[in-house]
K.L.:
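One structure follows; several queries about it will come next.
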Number of protein chains: 2
Amino acid sequence: MSGTERMMTPSLRKQHERCADCGIRNRAVCSYCGPQELGLLDTIKFYRSYDPGQEIVAAGEQTDFLGSVVEGVVSLSKTMPDGRRQMVGLMFASDFVGRPMRPIAPYDAVAVTPVRLCLFNRGRFERLLKDTPVLEKRLLEMTLDELDAARDWMLLLGRKSAREKIASFLAILARRAASADNVDADDGFFFDLPLTREQMADYLGLTIETVSRQITALKKDGVVEFPDARRCRVPDFVALLDAAGEDSDGGMID
Amino acid sequence: MSGTERMMTPSLRKQHERCADCGIRNRAVCSYCGPQELGLLDTIKFYRSYDPGQEIVAAGEQTDFLGSVVEGVVSLSKTMPDGRRQMVGLMFASDFVGRPMRPIAPYDAVAVTPVRLCLFNRGRFERLLKDTPVLEKRLLEMTLDELDAARDWMLLLGRKSAREKIASFLAILARRAASADNVDADDGFFFDLPLTREQMADYLGLTIETVSRQITALKKDGVVEFPDARRCRVPDFVALLDAAGEDSDGGMID
DNA sequence: GGTTCTCATTGACGCAAATCAAGTGGGAAC
DNA sequence: GTTCCCACTTGATTTGCGTCAATGAGAACC
């Protein structure tokens, strides 16, 4: 059985109902609409937009809000005193940004693409959290998911070669696209590459030059194609997982 | 003002009350005794011991228990198909092991030193969790702390040199020792080094040879001393932070 | 059209850490 | 004592990635 066939299981094709309140695709996953029945948070929410490259919060800054990514991509990154930078989080639509009970941000949050956030007043949100165990449980689940992602990322940073890092990153994006969109896997996986080379380098613990070289190499080997500058096609997902140094079994199973 | 002086603030010297039920030093931090007043979990807890090197759970295995580390050190690590290994977690006394609502372990958990765990039946613990928001909140806090640690670790893995990695790791242990024990900072910081070179290499994304060489170099530079094979002394914490590539301001402030 | 951005690619070179390979020291068993 | 075993150290060599530098390709603007 080929990996392409595997990826066409119904669980990957399911369409999510879009949340009417905040625009997030999967209402059940939306961090504030999901947990409660009829918009408990409606009275304290507001929206804010950011341009690509715009700083949302700086490391060490006090934040008076928490929220969800409605659309766009947000990066979280840490910077060393001498300027070396490492991305430590990459948030997409429906991801929760900001840490309850932790008003000081330990990293910079920057808009990668045009971003729209749905925000809540921190104090009011935390008070609501106290009386809404189901919301707390949702946050715990999301935090556990982030921790899982962080640990996979640590394996990538500590033990993978530059080529494997790039392939792993593309596999993450391909997986995301496969579970979010209605994919026609017969023709491979298409997805947008929202990051610049520099941002990818920050994500992967590499330099832009190495990122560029390894992408060129993967193209040469037919593992990925770039029909458009910012659009990527993966003809064979199993080949990509192989290049990522990952077990091809279970890659798309949920 | 020197960094050594800074580290003698009262908050670093405070002694914690030891939990009478499970032996964990700080009862307020103990993941199950802390949240409720009189041992709600007492009826479902049991203890288990492990020898150094002994596997607690294997990646992919289903776990029927959750719990706290009572004493000893537990490592969590991921292994690639070809055998490359990266540690992704290091748990000490009072840390929570196992993930609620996630019965399949995504990594190996191994006893580094002799370990004693206080365990709870998973099903019963999760049922209790549902009715005990304060316990859930405690778990959320601990998960957020782990996520913070994971993100610092990602910066280490992605951007630090071998020397900086070693120094950072020793600084983490020194900080732990300083906040847990009654430290006499006048004579520097003493702490045990519970890991072998191989385990340190797995933690830091290095090889044993590189770990060995960099420790030798740090000894030669007077940043650390090893009066005993497994005992470490840091004469000047600021010098260690400097070698770690970290800002020496705020290193020990909580 | 040209100029000036920014982002990406490609090449030449150097170095830090991995790899390969001995060699050391210390503790346990006998 | 001797032997074995293990963790650790040290040295020689290789290599993957970083660094430095030049070039290319669009997009925005005058």
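Chain identifiers are assigned alphabetically (A, B, ...) following the order of the sequence lines, protein sequences preceding nucleic acid strands; residue numbering begins at 1 within each chain. Keep in mind the model is a prediction, meaning the values are calculated, not measured.
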K.L.:
Rounded to whole angstrom units, what separation is found between the CG atom of A:Leu193 and the C1' atom of C:dC7?
P.N.:
13 Å
K.L.:
So does B:Thr207 get a side-chain nitrogen or oxygen closer than 4.0 Å to the phosphate oxygens (OP1/OP2) of C:dA18?
P.N.:
yes
K.L.:
Rounded to the nearest Å, what distance is computed from the CD1 atom of residue A:Ile166 to the P atom of nucleotide C:dT9?
P.N.:
10 Å
K.L.:
Between the base of C:dC20 and the side chain of B:Glu209, is there any donor-acceptor pair under 3.5 Å?
P.N.:
yes
K.L.:
Does the structure place the NZ or CZ of B:Arg231 under 6.0 Å from the centre of the six-membered ring of B:Phe191, at an angle of no more than 45° from the ring's axis?
P.N.:
no
K.L.:
Looking at B:Arg163 and B:Asp221, does any basic side-chain N land under 4.0 Å from a carboxylate oxygen?
P.N.:
yes
K.L.:
Within this structure, what is the CZ-to-P distance between B:Arg84 and C:dT19, rounded to whole angstrom?
P.N.:
9 Å
K.L.:
Minimum heavy-atom separation for B:Ser68 to B:Val97, with atom names?
P.N.:
N-CG2, 4.5 Å
K.L.:
Taking NZ from A:Lys160 and C1' from C:dA17, how many angstroms apart are they, rounded to a whole number?
P.N.:
20 Å
K.L.:
Roughly, in whole Å, what's the span from CG in A:Leu206 to P in D:dT19?
P.N.:
11 Å
K.L.:
Can you identify which nucleotide, out of C:dA8, C:dA17, D:dT10, has its nearest atom closest to the B:Thr216 side chain?
P.N.:
D:dT10
K.L.:
If you check every side-chain atom of A:Arg213, which of C:dA17, D:dC17, C:dG11 has the closest atom?
P.N.:
C:dG11
K.L.:
Measure from CZ on B:Arg230 to P on C:dG26 and round the result to the nearest Å.
P.N.:
15 Å
K.L.:
Does B:Ser212 put a side-chain nitrogen or oxygen below 4.0 Å from OP1 or OP2 of D:dT9?
P.N.:
yes
K.L.:
What nucleotide, of C:dA8, D:dC8, C:dA17, holds the atom closest to the side chain of B:Ala162?
P.N.:
C:dA17
K.L.:
Should B:Thr210 be listed as having a side-chain N or O under 4.0 Å from OP1 or OP2 of C:dA18?
P.N.:
yes
K.L.:
Would you mind classifying the nucleic acid contact of B:Gly205 as base, sugar-phosphate or nothing, using non-hydrogen atoms under 4.0 angstrom?
P.N.:
sugar-phosphate
K.L.:
So, OP1 or OP2 of C:dT9: does either fall under 4.0 Å of a side-chain N or O from A:Arg197?
P.N.:
yes
K.L.:
Output the rounded distance in Å from CZ (A:Arg163) to P (D:dT15).
P.N.:
18 Å
K.L.:
In terms of ring plane angle, is the pair A:Phe169 and A:Tyr203 parallel, tilted or perpendicular, where the classes change at 30° and 60°?
P.N.:
tilted
K.L.:
Determine, for B:Glu146 against B:Arg151, whether the closest basic-nitrogen to carboxylate-oxygen distance falls under 4.0 angstrom.
P.N.:
no
K.L.:
CG of A:Leu218 versus P of C:dA8: gap in Å, rounded?
P.N.:
16 Å
